[in-house]
K.L.:
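My structure is below; once you've seen it, I'll send some questions.
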Amino acid sequence: MTLRIYNTLSGQKEEFQPISDDRVRMYVCGITPYDETHLGHARAYVTFDVIRRYLEYLGYKVEHAQNITDIDDKIIQKSKLKSQSCQEIAEQYTQAYFEVMDALNVKRAGEYPRATENIPQMIKFIQGLIDKGYAYVVEGDVYFEVSKFADYGKLSKRKLDDMQSGARVKIDERKKSPLDFALWKAAKEGEPYWETPWGKGRPGWHIECSVMSSGILGDQFDIHGGGLDLVFPHHENELAQSEAFTGKKPWVKYWVHNGFVNVNQQKMSKSLGNFFTLKDIYKKFDPMAVRMFLLGSHYKSPINFSDAQLKESGEAFKRLARAVKDLDFYIENLKGHEAEEEVAETNDEIENLRARFKDAMDDDFNTAAALAVLFEMVSLINREIKEQIVKKASLLAYKEAIVELAGVLGLVIVRDVGTRGDTLGDVEKLIEERSQAKKNKDFKKADEIRDSLKERGIILEDTPQGTKWSKE
RNA sequence: GGCGCGGUAGCCAAGUGGUAAGGCAGCUGUCUGCAAAACAGCAAUACGGCGGUUCGACUCCGCCCCGCGCCUCCA
């Protein structure tokens, strides 16, 4: 099977064929850093992180760029509120963003272009649109004239007439059409501005993505992504600008959009005030529980956030992580070697599971189905350990496979168990003491040791091969 | 009004024209000094409603009901 991706532009799943054979150029709409990163953002960036990881797994070289909108109304507002420069505000929240994303194991993009660092290119781009007759200047503002671009609406499947009748926006009389959108905004008193041929001002929202994506990835590239809420107007407008400017179609081959995170069946959003920041969520839950939660359903479906859901995802993650810890333990402690046929059989099983994992991911990145394959592997491993039909060689092979596939989903299932020598030695000494106590049938003492370690977050489990310990 | 998404066991969630993955929770058993984990098994006889097409639909078609989103800054 080959990879198929749902393309918003065509409204269908399409076979994925990048513009050049061995590399994929992907642009993801990034954040406007004026507030804390919340779960909704996590959904978007985990989605594209998985897409990137899977493409890399398939052997593509992925060029991944993600913008940072470091100048905009919200930032200006916040800057006034906190008496800090826009730059400071943007920088602060950008760093906060990286922190919470790192915890989620989201790979950093190759480039993070900032709007304010690309102003000359934007001016050139806008001037080009004016020269070609797609844009006009009104009192220092520059607008894109939607009616000049025949394909307008093709991404979001809207007709100009439908929109006009339904528009609830207050109409700016200076614009030729209410749908015309700002490429450039004239500066207001006290706002940051840049000099341009048409006066002082700052960029509109959409222009940066057109300019920066093509600046880094070229006039045409493979994947452009973001949340479903960006389809209109943001991406529709970007598309119009870019294709109008270069005359090349399609600007973007595959448009990919992720669904929302809901709270009590409502979209999590800033304006509703029902958003949960990752920083706060991490106080109660492991970031991997969050990742698991996001991976548990298809990236386009709405998902409902609740503590109970995250807890459940955390439990599921633990089952996965435990399986790997167990593998380590038994690789270390299981005596003897298995027959060659057994190893061959293990490799067959792994091949089969790997193929099914790939089938799932090939179907528009079906992480929920891929995860199911991972859990089947866990069951298989646990059963074979229990029945003692596998030994070291098979266990090593299983471990390699499960870490590999979990890695494609960005799940970190192998973790440092605390390598500080003294702590480790201390724990092992206590375990030894407890084993002695158990031998002497001094269960009271044995339980005390187990309880005291539990208070330190260390769980003991007895097995026929000895006592296993792990951190919670 | 326009466009779009969803309604699968107690909960979450894949999926298929021929009687349904996986996870969480529950119950029983095995193992254990006890536990934990794991394993085995059980239970829900799970596919919004009504019609239609078909030998056969949860899966296709039509209508309806319910929930949600976008159309305005938003991942």
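Reminder, nothing fancy here: chain letters follow the sequence lines and each chain counts from 1.
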K.L.:
Nearest whole angstrom, please: distance from the P of B:rC5 to the CD of A:Q12.
P.N.:
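Rounding to the nearest Å, CD of A:Q12 and P of B:rC5 are 12 Å apart.
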K.L.:
Compare the minimum distances between each of B:rC24, B:rA14, B:rC39 and the side chain of A:K386, then state the nucleotide with the smallest one.
P.N.:
B:rC39
K.L.:
Any side-chain to backbone donor/acceptor pair from A:K300 onto A:H257? Under 3.5 Å, distance only.
P.N.:
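Yes: the side chain of A:K300 pairs with the backbone of A:H257.
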K.L.:
Name the pairing partner of B:rC27, where a pair is Watson-Crick or G-U wobble with both distances under 3.5 Å, or state none.
P.N.:
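Because both required distances fall under 3.5 Å, B:rC27 counts as paired with B:rG41.
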K.L.:
Of all the choices, B:rA35, B:rG15, B:rA75, which nucleotide is nearest to the side chain of A:F260 once you look at every atom?
P.N.:
B:rA75
K.L.:
Taking atom CZ of A:R25 and atom CG of A:L217, what is their separation to the nearest 0.5 Å?
P.N.:
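So the CZ of A:R25 and the CG of A:L217 are separated by 7.0 Å.
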K.L.:
Mind checking A:Q309 for me? I need base, sugar-phosphate or nothing, with any heavy atom below 4.0 Å counting as a touch.
P.N.:
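Result for A:Q309 = sugar-phosphate.
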K.L.:
Let's test this: given Watson-Crick or G-U wobble pairing with both distances under 3.5 Å, identify the partner of B:rG6.
P.N.:
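Looking at the geometry, B:rG6 pairs with B:rC66.
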K.L.:
Indicate, with a heavy-atom threshold strictly under 4.0 Å, whether A:V373 touches base, sugar-phosphate, or nothing.
P.N.:
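Since no nucleic acid heavy atom lies under 4.0 Å of A:V373, the category is nothing.
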K.L.:
Taking the P atom of each, how far is B:rC60 from B:rU8, in whole Å?
P.N.:
16 Å
K.L.:
Could you measure between the two P atoms, the one in B:rA36 and the one in B:rG29, and give it in whole Å?
P.N.:
13 Å
K.L.:
Could you tell me whether A:F293 and A:F285 have their ring centroids closer than 6.0 angstrom?
P.N.:
no
K.L.:
By nearest atom, which of the nucleotides B:rG33, B:rA38, B:rA75 is closest to the A:H38 side chain?
P.N.:
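Per side-chain heavy atoms of A:H38, the pick is B:rA75.
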K.L.:
What about A:K157: does its side chain form a donor-acceptor pair under 3.5 Å with the base of B:rC3?
P.N.:
no
K.L.:
For B:rC66 versus B:rC24, give the span between their C1' atoms, rounded off to a whole number of Å.
P.N.:
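To the nearest whole Å, 26 Å.
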K.L.:
Using a 4.0 Å heavy-atom cut-off, does A:S297 contact any base of the nucleic acid, only the sugar-phosphate backbone, or nothing at all?
P.N.:
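Sugar-phosphate, no base atom in range.
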K.L.:
Over how many whole Å does the gap from A:L228 atom CG to B:rG69 atom P extend?
P.N.:
13 Å
K.L.:
Under 4.0 angstrom, heavy atoms only, what part of the nucleic acid is A:N382 near: base, sugar-phosphate, or nothing?
P.N.:
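Contact class for A:N382: sugar-phosphate only.
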K.L.:
For the pair A:D73 and A:R202, evaluate salt bridge (charged side-chain N to carboxylate O under 4.0 Å, His left out) and give the outcome as yes or no after the intermediate values.
P.N.:
CA-CA 10 Å; A:D73 290 349; A:R202 60 191 170 85; 2.6 Å; yes
K.L.:
C1' atom, B:rC5 versus B:rU30: distance in rounded Å?
P.N.:
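Roughly 46 Å separates the two C1' atoms.
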K.L.:
Taking only side-chain nitrogens and oxygens of A:R319, does any of them come within less than 4.0 Å of OP1 or OP2 of B:rG22?
P.N.:
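Checking B:rG22 against A:R319, no side-chain N or O comes under 4.0 Å of OP1 or OP2.
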K.L.:
Could you tell me the separation between the CH2 atom of A:W469 and the C1' atom of B:rA37, rounded to a whole number of Å?
P.N.:
17 Å
K.L.:
Mind calculating the distance between NZ (A:K159) and P (B:rG4) to the nearest angstrom?
P.N.:
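Rounded to whole Å, this separation is 9 Å.
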K.L.:
Base, sugar-phosphate or nothing for A:Y45? Non-hydrogen atoms, less than 4.0 Å.
P.N.:
sugar-phosphate
K.L.:
Would you mind classifying the nucleic acid contact of A:D447 as base, sugar-phosphate or nothing, using non-hydrogen atoms under 4.0 angstrom?
P.N.:
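It contacts base atoms.
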K.L.:
Can you measure from NZ (A:K78) to CG (A:L81) and round to the nearest 0.5 angstrom?
P.N.:
7.0 Å
K.L.:
Less than 3.5 Å apart, any donor N or O on the side chain of A:N304 or A:S306 sitting next to an acceptor on the other?
P.N.:
no
K.L.:
Please confirm whether the shortest side-chain N or O distance from A:R450 to OP1 or OP2 of B:rA36 is below 4.0 Å.
P.N.:
no
K.L.:
From the list B:rC73, B:rC24, B:rC71, which nucleotide is the closest neighbour of the side chain of A:F232?
P.N.:
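Among the listed nucleotides, the one closest to the side chain of A:F232 is B:rC71.
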K.L.:
For nucleotides B:rC47 and B:rA38, find the distance between their C1' atoms and express it as a whole number of Å.
P.N.:
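These two C1' atoms come out 32 Å apart once rounded.
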K.L.:
Strictly below 4.0 Å: does A:S301 bring a side-chain N or O up to OP1 or OP2 of B:rA14?
P.N.:
yes
K.L.:
Kindly indicate whether the side chain of A:N264 and the base of B:rC68 share any N or O donor-acceptor pair separated by less than 3.5 Å?
P.N.:
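In this structure, the two groups form no donor-acceptor pair.
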K.L.:
What contact category does A:M268 fall into here, base, sugar-phosphate, or nothing, at under 4.0 angstrom with non-hydrogen atoms?
P.N.:
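The answer is base, as A:M268 lies within the cut-off (heavy atoms under 4.0 Å) of a base atom.
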K.L.:
For RNA chain B, whose closest nucleotide is more 5', that of A:R383 or that of A:E315?
P.N.:
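Counting from the 5' end, the first nearest nucleotide belongs to A:E315.
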K.L.:
Side chain of A:A372 only, heavy atoms from C-beta on: which candidate in B:rG22, B:rA75, B:rG33 is closest?
P.N.:
B:rG22
K.L.:
Measure the distance between the ring centre of A:F443 and the centre of the six-membered base ring of B:rG33, then answer whether it is under 5.5 Å with planes under 30°.
P.N.:
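Yes, A:F443 stacks on the base of B:rG33.
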K.L.:
Run the ring-centre check on A:Y27 versus A:H224 and record whether the distance is less than 6.0 Å.
P.N.:
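Under 6.0 Å, so yes.
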K.L.:
Among A:L430, A:L460, A:T467, exactly one meets side chain to side chain contact (heavy atoms under 4.5 Å, CB included) together with A:R450. Which residue is that?
P.N.:
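Output: one option passes, namely A:L460.
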K.L.:
Is the phosphate of B:rA14, meaning OP1 or OP2, less than 4.0 Å from a side-chain N or O of A:N366?
P.N.:
no
K.L.:
Between B:rG22, B:rG23, B:rA14, which one does the side chain of A:A369 approach most closely?
P.N.:
B:rA14
K.L.:
Rounded to the nearest angstrom, tell me the gap between atom CG in A:L371 and atom C1' in B:rG22.
P.N.:
8 Å
K.L.:
Of the listed nucleotides (B:rG23, B:rG33, B:rA13), which one gets closest to any side-chain atom of A:E312?
P.N.:
B:rG23
K.L.:
Whole Å only: how far is the NZ atom of A:K468 from the P atom of B:rU32?
P.N.:
15 Å
K.L.:
Tell me, do A:E191 and A:S79 make a side-chain contact under 4.5 Å, heavy atoms counted?
P.N.:
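In short, these two side chains do not touch, never coming nearer than 4.5 Å.
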K.L.:
Where each residue is assigned the nucleotide of RNA chain B containing its nearest heavy atom, which of A:L460 and A:G296 is assigned the position nearer the 5′ end?
P.N.:
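Between the two, 5'-proximity favours A:G296.
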K.L.:
Starting from C1' on B:rC5, measure out to CG on A:N262 and report it in whole angstrom.
P.N.:
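Between C1' of B:rC5 and CG of A:N262: 11 Å.
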K.L.:
Tell me the partner of B:rC60, counting only Watson-Crick (N1-N3 plus N6-O4 or O6-N4) or G-U wobble (N1-O2 and O6-N3) with both under 3.5 Å; none if nothing fits.
P.N.:
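Because both required distances fall under 3.5 Å, B:rC60 counts as paired with B:rG52.
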K.L.:
Which base sits across from B:rG1 as a Watson-Crick or G-U pair, both distances under 3.5 Å?
P.N.:
B:rC71
K.L.:
If we take the C1' atom in both B:rA46 and B:rU72, what is their distance in whole Å?
P.N.:
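41 Å, rounded to whole Å.
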K.L.:
Mind checking who B:rU16 pairs with, Watson-Crick or G-U wobble, both distances under 3.5 Å?
P.N.:
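Paired with B:rU16, as far as the under-3.5 Å criterion goes, is no nucleotide at all.
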K.L.:
Which whole number of Å gives the distance between the P atom of B:rG26 and that of B:rC64?
P.N.:
43 Å
K.L.:
Among the nucleotides B:rA14, B:rA37, B:rG23, which one has an atom lying closest to any side-chain atom of A:S379?
P.N.:
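Among B:rA14, B:rA37, B:rG23, the one nearest the side chain of A:S379 is B:rG23.
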K.L.:
Please measure how far the C1' atom in B:rA43 lies from the corresponding atom in B:rG1, and state the result in whole Å.
P.N.:
49 Å
K.L.:
Can you tell me the pairing partner of B:rG33 across any strand shown, Watson-Crick or G-U wobble, with both distances under 3.5 angstrom?
P.N.:
none
K.L.:
Roughly, in whole Å, what's the span from NZ in A:K267 to P in B:rG67?
P.N.:
20 Å
K.L.:
Using a heavy-atom cut-off of under 4.0 Å over every strand shown, decide if A:A368 touches base, sugar-phosphate, or nothing.
P.N.:
base
K.L.:
Counting only side-chain heavy atoms from C-beta out, which of B:rA75, B:rA21, B:rA13 sits nearest to A:E376?
P.N.:
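Given the options B:rA75, B:rA21, B:rA13, the side chain of A:E376 is closest to B:rA21.
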K.L.:
Tell which nucleotide pairs with B:rA46, taking only Watson-Crick or G-U wobble pairs whose two distances are both under 3.5 angstrom.
P.N.:
none
K.L.:
Taking only the side-chain heavy atoms of A:K74 (C-beta and beyond), determine which of B:rC73, B:rC70, B:rA75 contains the nearest atom.
P.N.:
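That would be B:rC73.
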K.L.:
Establish, from distance only, whether the side-chain atoms of A:S156 and A:R158 form a donor-acceptor pair under 3.5 Å.
P.N.:
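A pair is found: one side chain offers a donor N or O, the other an acceptor, under 3.5 Å apart.
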K.L.:
Classify the nucleic acid contact of A:G11 as base, sugar-phosphate or nothing, counting any heavy atom under 4.0 Å across all strands shown.
P.N.:
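Touches nothing.
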